[in-house]
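Okay, so here's the structure we're looking at.
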Amino acid sequence: MKVLVINAGSSSLKYQLFEMPEGKVLAKGLCECIGIEGGTVTHKRPGKDDYKIQTPLDNHEAALGWVLKLLTDAELGVIADISEIEAVGHRIAHGGEKLRESCLIDDEVINYLESIVPINPLHGPPAIAGMRGCRNLMAGVPMVGVFDTSFHSTMPEKAYIYPIPYELYEQKSIRRYGFHGTSHRYVAHKVAECMGKDIKDLKIITCHLGNGSSITAIDGGKVVDTTMGFTPQEGILMGTRSGSVDPTIVTYLQSQGMTADEVEKMLNKQSGLLGVSGKSSDARVVCDAAAAGDKRAQLALQILYYGIKKYIGAFTAAMNGLDVLVFTAGIGENDRDLRAIVCRDMDYLGIALDEEVNKTVARGTNADLSAAGARVRTWVIPTDEEYMIAQDTARLAK
Ligand code: ADP
């Protein structure tokens with residue numbers, strides 16, 4: 001069964017065509033600068049040269065039109081006809097309170113997603129545009145929505161209700177939702193599989209550390225807490241996001257003349273690694289600057305390491321124990337120094353790395369990095385959100 005996975009952002013659209021259930025990627029690519037100048041489509045097939053074309057992409061449907069054209073192209077394509085695609089899976093950042101599991105997309109689902117655009121203003125509209133575009137171009141093909149929030153829907157009230165007037169939850173849906181759920185779900189199940197254990201018997205902390213970062217506590221396969229909240233802004237320091245700060249900083253800056261938009265931009269786009277280091281949001285650049293002696297780059301990294309440690313401690317307490325710690329995403333998978341520093345002086349929790357294995361582990365592998373005898377096992381698991389989406393899509397579309 002061929003499943004197309006779509007991930008629509010505000011000006012981009014990523015795609016992957018899978019052969020399921022094998023999970024083989026037949027082709028994948030990226031449409032950039034949708035609705036703005038400089039439209040580009042990059043199309044990749046395993047073992048072949050990448051194909052890149054500059055072309056105006058007026059909207060998400062136009063981008064999808066290009067995707068389907070390339071997938072079925074006589075030379076560049078991997079299928080003969082669109083009808084070979086039996087289902088489409090959409091990555092959707094926010095499922096609100098109602099969409100707690102992956103589901104088939106119908107009018108009711110789209111209407112609900114439209115109703116929650118006010119709490120998901122950046123990712124909602126492009127995701128809906130992607131679904132509408134698919135419907136127009138691939139009428140009758142079942143579509144499945146996979147939500148970044150849904151894995152977190154098992155959190156208890158005490159973890160998701162903010163201690164502000166309860167009416168704000170009832171009337172404005174203000175609560176912790178959590179994000180990156182598809183990644184946390186994938187790596188948690190993968191690590192249990194790698195260890196030959198039932199996820200029901202494990203207390204796991206998953207650290208998804210990329211441009212955006214979040215940490216999740218998973219007890220018996222169910223999320224009990226996560227660092228991201230009402231939006232992906234909460235939690236640890238990220239590439240350009242601050243993570244948690246005293247909310248009074250916001251109102252204070254507004255009282256000093258900054259507008260709400262300016263404060264939002266500052267916290268979302270100008271903070272985190274970029275804001276503290278003054279160098280870059282890219283962890284590699286910040287690491288290089290720190291290694292060259294740059295004090296603010298060193299400080300930005302220390303804040304990141306310290307934030308991760310604090311949440312590991314807090315989530316271990318929340319679960320009354322820990323069996324497995326998992327690192328994933330761009331930084332988690334590649335930055336061995338971060339893993340070593342975060343896991344240092346954590347022996348009181350039972351965490352200890354084999355520093356040699358941590359240093360030499362091959363990229364892209366699932367690996368146990370723990371020291372012999374460490375009570376808590378520490379793993380690196382490369383995330384694969386698209387494969388998880390393809391799996392849910394194949395299952396639900398059948
Ligand atoms: P996104 O959240 O956009 O999916 P990724 O998961 O791809 O992001 O992570 C991107 C981050 O991973 C960047 O900050 C990048 O610098 C970082 N990264 C990639 N490789 C390394 C590395 N070898 N060492 C440190 N950081 C790395």
Side-chain angles (χ1 to χ4, degrees), residues 5-16 28-32 42 44 91-93 122-123 126-127 146 148 178-187 190 206-216 226-228 231-243 268-292 294 297-298 300-305 307-308 326-343 358-365 367 369 380-389:
V5 172
I6 299 289
N7 181 353
S10 55
S11 65
S12 70
L13 184 144
K14 292 188 200 146
Y15 63 95
Q16 283 199 29
K28 62 179 178 179
L30 169 66
C31 306
E32 290 170 282
T42 310
K44 303 178 182 217
R91 180 198 170 209
I92 303 173
L122 292 181
H123 297 109
V146 179
D148 272 1
F179 296 87
H180 290 144
T182 310
S183 174
H184 290 290
R185 176 161 61 111
Y186 174 81
V187 299
K190 192 77 195 172
T206 49
C207 303
H208 176 111
L209 310 172
N211 284 316
S213 299
S214 62
I215 301 178
T216 296
T226 189
T227 56
M228 283 181 167
T231 70
Q233 175 66 37
E234 197 179 344
I236 55 170
L237 163 153
M238 308 178 212
T240 60
R241 293 187 202 130
S242 60
N268 207 7
K269 302 267 183 220
Q270 299 164 345
S271 295
L273 288 178
L274 173 66
V276 178
S277 74
K279 285 271 179 312
S280 174
S281 63
D282 189 307
R284 275 166 299 196
V285 177
V286 179
C287 288
D288 289 348
D294 187 287
Q298 290 169 357
L301 292 174
Q302 279 166 13
I303 296 172
L304 173 63
Y305 305 149
I308 300 169
V326 181
F327 288 98
T328 194
I331 300 174
E333 289 167 32
N334 295 303
D335 190 344
R336 58 194 190 189
D337 294 338
L338 172 137
R339 293 191 303 251
I341 295 166
V342 165
C343 293
N358 179 49
K359 245 189 237 164
T360 52
V361 62
R363 251 178 206 206
T365 51
L369 311 174
V380 60
I381 303 279
T383 193
D384 197 345
E385 290 157 283
E386 285 76 13
Y387 173 63
M388 189 92 252
I389 295 170

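No hydrogens, no waters, no symmetry mates; every other heavy atom, side chains included, goes into these values. Ligands are counted one by one from 1 in listed order, and the atoms in each one are counted from 1 as well.
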Please state which protein non-hydrogen atom is closest to [atom] and give its distance, to 0.1 Å?
| atom | answer |
| --- | --- |
| atom 22 (C) of ligand 1 | Asn334 CB, 3.4 Å |
| atom 2 (O) of ligand 1 | Asn211 N, 3.0 Å |
| atom 16 (O) of ligand 1 | Asp282 OD1, 2.4 Å |
| atom 24 (N) of ligand 1 | Arg284 CG, 3.8 Å |
| atom 14 (O) of ligand 1 | Ala283 N, 3.0 Å |
| atom 17 (C) of ligand 1 | Ile331 CG1, 3.6 Å |

Q | Glu333 and its side chain to side chain contact (heavy atoms under 4.5 Å, CB included) partner, picked from Thr328, Ile381, Thr365, Leu209 | A |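 Among Thr328, Ile381, Thr365, Leu209, the one meeting side chain to side chain contact (heavy atoms under 4.5 Å, CB included) with Glu333 is Thr328.
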Q.
My understanding is that only one of Thr206, Val187, Leu338 makes a side chain to side chain contact (heavy atoms under 4.5 Å, CB included) with Phe327; could you say which?
A.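 Only match with Phe327 under side chain to side chain contact (heavy atoms under 4.5 Å, CB included): Leu338.
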Q.
If you define the side chain from C-beta out and look only at heavy atoms, does anything of Cys287 sit under 4.5 Å from Leu301?
A.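 Side-chain contact under 4.5 Å: yes.
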Q | Heavy-atom protein neighbour under 4.0 angstrom from atom 26 (N) of ligand 1 | A |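 Yes; the ligand atom in question has protein heavy-atom contact below 4.0 Å.
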(Q) My understanding is that we take every heavy atom of each candidate and find the minimum distance to atom 9 (O) of ligand 1. Doing that for Gly332, Gly330, Ser213, which one comes out nearest? (A)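 When every heavy atom of Gly332, Gly330, Ser213 is considered, Gly330 comes closest to atom 9 (O) of ligand 1.
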**Q.** Side chain, backbone, both or neither: Arg363 near ligand 1, heavy atoms under 4.0 Å
**A.**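 The part of Arg363 near ligand 1 is the side chain, not the backbone.
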Q: Measure up the His208 and His184 rings against each other and bin them: parallel (under 30°), tilted (30 to 60°), perpendicular (over 60°).
A: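 Aromatic pair His208/His184 classed tilted.
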Q: State the atoms of ligand 1, each with its element, that fall below the 4.0 Å cut-off from a heavy-atom position in Gly212.
A: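 So the atoms of ligand 1 that pass are 2 (O).
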Q: Consider ligand 1: state whether an atom of it lies below 4.0 angstrom from any non-hydrogen atom of Gly239.
A: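 The answer is no, since Gly239 has no heavy atom less than 4.0 Å from ligand 1.
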(Q) Assess the residue pair Ser11 and Glu32 against the criterion (side chain to side chain donor-acceptor pair (under 3.5 Å)); give the C-alpha distance rounded to whole Å, side-chain angles, the decisive distance to 0.1 Å, and a yes or no. (A) CA-CA 6 Å; Ser11 65; Glu32 290 170 282; over 6 Å; no
**Q.** Inter-residue atom distance Thr182.OG1 - Asn7.CG, 0.5 Å rounding
**A.**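 Reported value, rounded in 0.5 Å steps: 9.5 Å.
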